[in-house]
Number of protein chains: 2
Amino acid sequence: MANPTIYDVAKAAGVGVGTVSRVLNNSTRVSPETQEKVLSVIQELGFRRSKVARQLSTGVQHRNIGAMLPYITPPSFVERLRGMQMALSHQDNDFNLILYTVSEPDRQHEQLLTIVDQSTVDGLLITTLNISDEERDLLKQAGIPFVILSDVFTGDTNGISTDNVHGGYLATQHLLQLGHRRVAYVGDELTNNYGIPTSDLRYKGYLSALAEYDIPVNADYVCLGMHGEETAHRLTRQLLTLPEPPTAIFAMSDIQAVGCIQAVRESGLRVPEDISVIGFDDVQLSRYVGLTTVRQHLEQSGYLGMQMLLDMLMTPGKVTPRHLPPLELVVRNTTQQYGLA
Amino acid sequence: MANPTIYDVAKAAGVGVGTVSRVLNNSTRVSPETQEKVLSVIQELGFRRSKVARQLSTGVQHRNIGAMLPYITPPSFVERLRGMQMALSHQDNDFNLILYTVSEPDRQHEQLLTIVDQSTVDGLLITTLNISDEERDLLKQAGIPFVILSDVFTGDTNGISTDNVHGGYLATQHLLQLGHRRVAYVGDELTNNYGIPTSDLRYKGYLSALAEYDIPVNADYVCLGMHGEETAHRLTRQLLTLPEPPTAIFAMSDIQAVGCIQAVRESGLRVPEDISVIGFDDVQLSRYVGLTTVRQHLEQSGYLGMQMLLDMLMTPGKVTPRHLPPLELVVRNTTQQYGLA
DNA sequence: TACTATTATGGAAGCGGTTCCACAGGTGAT
DNA sequence: ATCACCTGTGGAACCGCTTCCATAATAGTA
């Protein structure tokens, strides 16, 4: 039998459905023999009670919040996730947090459709993913409130965004203020697979800082590749072989910055004495390694996003907008005045 | 009205439930006027259709897997989580992954009860939490298969465990082999709040290695405190003020090892020239900072655990046991021969 | 012995949707 | 005028469980 129900069990055991249900909830007064028999039939038929039917009939309220992220590899997503989790546990209404990792950009739409179709979640938190107008409408239609944690300022009232251009500017300006003039940019392809323009935005900030200091852009100093430490490592090695290598590097993420630092050290140079390196994000790791970086309050963005979503779920229509603290330069030990060494 | 149903909507709109349902599924042939009216009533009543009722009647299979973890702060949990996620996405049956963070040890039992009561999940992955026999029975009774990723070898067939004693031995032995004789242990309280004896076990390994080399245990060299980088930092400072400070430190986790290294460097000493430091776990961070450590294949343990659970869910009764590769010493740049500097 | 509690059990009703079937009313072809 | 065929709609049946009520059988009490 495909999926036996309690009726099947009841029939096979020669008892009524009520009795089977009582056995299942190992509740009041069922005679030992009956219980025995029912249990054995359950075993035999491989019966498993339906979660939904049970929930419907008991009337449990059982709300799910979905968190969609591109992938959980980079620490920045983990930090946001942690923030979400915290916000959730601070209000102790029991929402479940369901994790959706969009492993491939192409599947994003499909995943979203499934979520809506099967009405899996009551609310959705979308992190750093491009979401089309069509998809927005889909969610609205289905009555699923959502909050977007974005890398671009979207003007959405239901969103929290980071000003990446400004962040890129801050990082670069810091290096320029220290007297560096040969400043490289190491980042992702300007628009990656997911259509997330984070690198592009931070790069724009880099450009505007250079412009402010009247420094022409040197194409050799702009190194793009896949996200990750290894790529950054490789790109940095290339930078160092230039006839006139940079004296400072702005890496668009802390992870990449770490890759840069390793490459610099491996080639016998010192950080920050010979080359300054600044990252972006301020993930946990950065504190550990003493990396100078731009803090974007990742954990807090997850926290606030979740709070907004909870608002929307608890009292539909009313959302208190939340704001992230401004980006912040965090100076540690990987940048230093030019020419000091 | 507390929770309006489609019947309420139907009555208020003066139509039949079928029509309301059709509107909700914006489906075939409903006259524009009717649709309009129904939608406005829905709006007015604040109607939201029940997820469960819908699922029951459409018969969607909608399976959830829960992952219970102590907290998501330490990277080691994140790595396991990533492994789980990967295993899940490799088989594309659509299971949802629900995250349960046990924020306080006391609440663990309560959370487990809720999960069982509300039959939220179809399977459970329990990471590094002590689970009582009573709780095991509870899950068995409820027919919820579970897999335990444990720090202790439990003999469970449905578990994956790490041999922490051996790991502690490996780490310490490595330092001893390098000629160190004054070797400190920096770790958590031997049994922490959650009743997880990880520190205790690794400490036992430490002891057995010392015994093998006939080195008496120096109580001053055993420093315990709360998990985390800061505590390790503080403990290490204390170690360095000893009349005869250690020449090598075994920190029970990579995070703590990083704290140790910072403290050493801040006090003007070098790692590994003056003091060797070895960690435990081999989280991502460790590769970045070049930490010598004991690799315990965290990501893979999450991966294998999830595979086992999926086995149990797909074909009840049949579980292919999975085994973790043995613990592995990973030598990087934070340990060195004693006296070489 | 007659009457009341108590215990074990069967089964109908209900949870809130979806879907199928029946049917009314209108259209167009014969 | 008759018939076949759409279109829009109402409502019963159903999804698989829990729970309450009714009832039979047994035990306890005066």
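Proteins come first, then strands; the chains are lettered A, B, ... in the order of their sequence lines, and each starts at number 1.
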Engineer: Answer yes when B:Arg107 and B:Glu110 have at least one side-chain N-carboxylate O distance shorter than 4.0 Å, and no when they do not.
Structural biologist: yes
Engineer: Regarding B:Gly59, tell me which of base, sugar-phosphate or nothing describes its non-hydrogen contacts under 4.0 Å with the strands shown.
Structural biologist: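 Here B:Gly59 touches no strand at all.
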Engineer: Please determine if a side-chain N or O atom of B:Asn3 lies less than 4.0 Å away from the OP1 or OP2 oxygen of C:dG16.
Structural biologist: no
Engineer: Which residues, if any, of residues 110-120 of chain B bring a heavy atom under 4.0 Å of DNA chain C?
Structural biologist: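 Those residues: none at all.
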Engineer: Indicate yes or no for a side-chain donor-acceptor contact from B:Asp122 to the backbone of B:Asn64 under 3.5 Å, with no hydrogens or angles considered.
Structural biologist: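 Answer holds: yes.
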Engineer: Rounded to the nearest angstrom, tell me the gap between atom CG in A:Leu24 and atom C1' in D:dG16.
Structural biologist: 11 Å
Engineer: With distance as the sole criterion, do the side chain of A:Arg22 and the base of C:dG10 form a donor-acceptor contact below 3.5 Å?
Structural biologist: yes
Engineer: Rounded to the nearest Å, what distance is computed from the CD atom of residue A:Gln55 to the P atom of nucleotide C:dG17?
Structural biologist: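 Distance, rounded to whole Å: 15 Å.
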Engineer: Taking only side-chain nitrogens and oxygens of B:Arg54, does any of them come within less than 4.0 Å of OP1 or OP2 of C:dT18?
Structural biologist: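 Yes.
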Engineer: Think B:Thr19 has a side-chain N or O under 4.0 angstrom from the OP1 or OP2 of D:dG10?
Structural biologist: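 For D:dG10, OP1 or OP2 has a side-chain N or O of B:Thr19 closer than 4.0 Å.
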Engineer: Is there a donor-acceptor pair closer than 3.5 Å between any side-chain N or O of B:Asp8 and the backbone N or O of B:Thr5?
Structural biologist: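 Here the side-chain-to-backbone pair exists.
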Engineer: Please compare A:Ser57 and A:Val20 by the position of their nearest nucleotide in DNA chain C and report the one closer to 5'.
Structural biologist: A:Val20
Engineer: Would you name the heavy atoms of A:Val17 and A:Ala10 that are closest together and state the gap between them?
Structural biologist: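 Nearest heavy atoms, A:Val17 then A:Ala10: N-CB, 3.8 Å.
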Engineer: Output the rounded distance in Å from CD1 (A:Ile42) to P (D:dG16).
Structural biologist: 16 Å
Engineer: Nearest whole Å is fine: how far is D:dT7 C1' from B:Gln35 CD?
Structural biologist: 15 Å
Engineer: Which whole-number value in Å describes the distance from A:Arg49 CZ to D:dT19 C1'?
Structural biologist: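 Going from A:Arg49 (CZ) to D:dT19 (C1'), I get 14 Å.
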Engineer: Mapping B:Val17 and A:Gly18 onto DNA chain D by nearest heavy atom, which one lands closer to the 5' end?
Structural biologist: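 Taking each residue's closest nucleotide, the earlier one in sequence belongs to B:Val17.
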Engineer: In whole angstrom, give the distance that lies between atom CG of A:Leu56 and atom C1' of D:dT19.
Structural biologist: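 Result: 13 Å.
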Engineer: Indicate whether OP1 or OP2 belonging to D:dT19 is found under 4.0 Å from a side-chain N or O atom of A:Ser21.
Structural biologist: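 Checking D:dT19 against A:Ser21, no side-chain N or O comes under 4.0 Å of OP1 or OP2.
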Engineer: Between A:Arg82 (side chain only) and A:Glu299 (backbone N and O only), is there a donor and an acceptor less than 3.5 Å apart?
Structural biologist: no
Engineer: Confirm from the modelled atom types if A:Tyr7 and D:dG16 form a donor-acceptor pair under 3.5 Å, side chain to base only.
Structural biologist: no
Engineer: Rounded to whole angstrom units, what separation is found between the CG atom of B:Asp8 and the P atom of C:dG16?
Structural biologist: 9 Å
Engineer: Within this structure, what is the NZ-to-P distance between B:Lys11 and D:dG10, rounded to whole angstrom?
Structural biologist: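 Rounding to the nearest Å, NZ of B:Lys11 and P of D:dG10 are 15 Å apart.
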Engineer: Phosphate oxygens OP1/OP2 of D:dT9: is one of them under 4.0 Å from a side-chain N or O of B:Thr34?
Structural biologist: yes
Engineer: Does B:Thr58 put a side-chain nitrogen or oxygen below 4.0 Å from OP1 or OP2 of D:dC15?
Structural biologist: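 False: B:Thr58 side-chain N/O out of range (4.0 Å or more) of D:dC15 OP1/OP2.
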Engineer: For A:Val52, report the nucleic acid contact type (base, sugar-phosphate, nothing); a contact means any heavy atom under 4.0 Å.
Structural biologist: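 A:Val52: no heavy atom of the nucleic acid under 4.0 Å.
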Engineer: For B:Ser89 and B:Met86, indicate whether the former's side chain and the latter's backbone hold a donor-acceptor pair under 3.5 Å.
Structural biologist: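 The answer is yes, because a donor-acceptor pair under 3.5 Å joins these two groups.
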Engineer: Under 3.5 Å, is there a donor-acceptor pair between the side chain of B:Gln300 and the main chain of B:Gly83?
Structural biologist: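 No, the answer is negative, given that no donor and acceptor are paired below the 3.5 Å cut-off.
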Engineer: Let me spell it out: for each of B:Ala53 and B:Val15, pick the nucleotide of DNA chain D with the closest heavy atom. Which residue's pick is nearer the 5' end?
Structural biologist: B:Val15
Engineer: Which pair of heavy atoms, one from A:Arg136 and one from A:Ile148, lies closest together, and at what distance?
Structural biologist: NH2-CD1, 3.5 Å
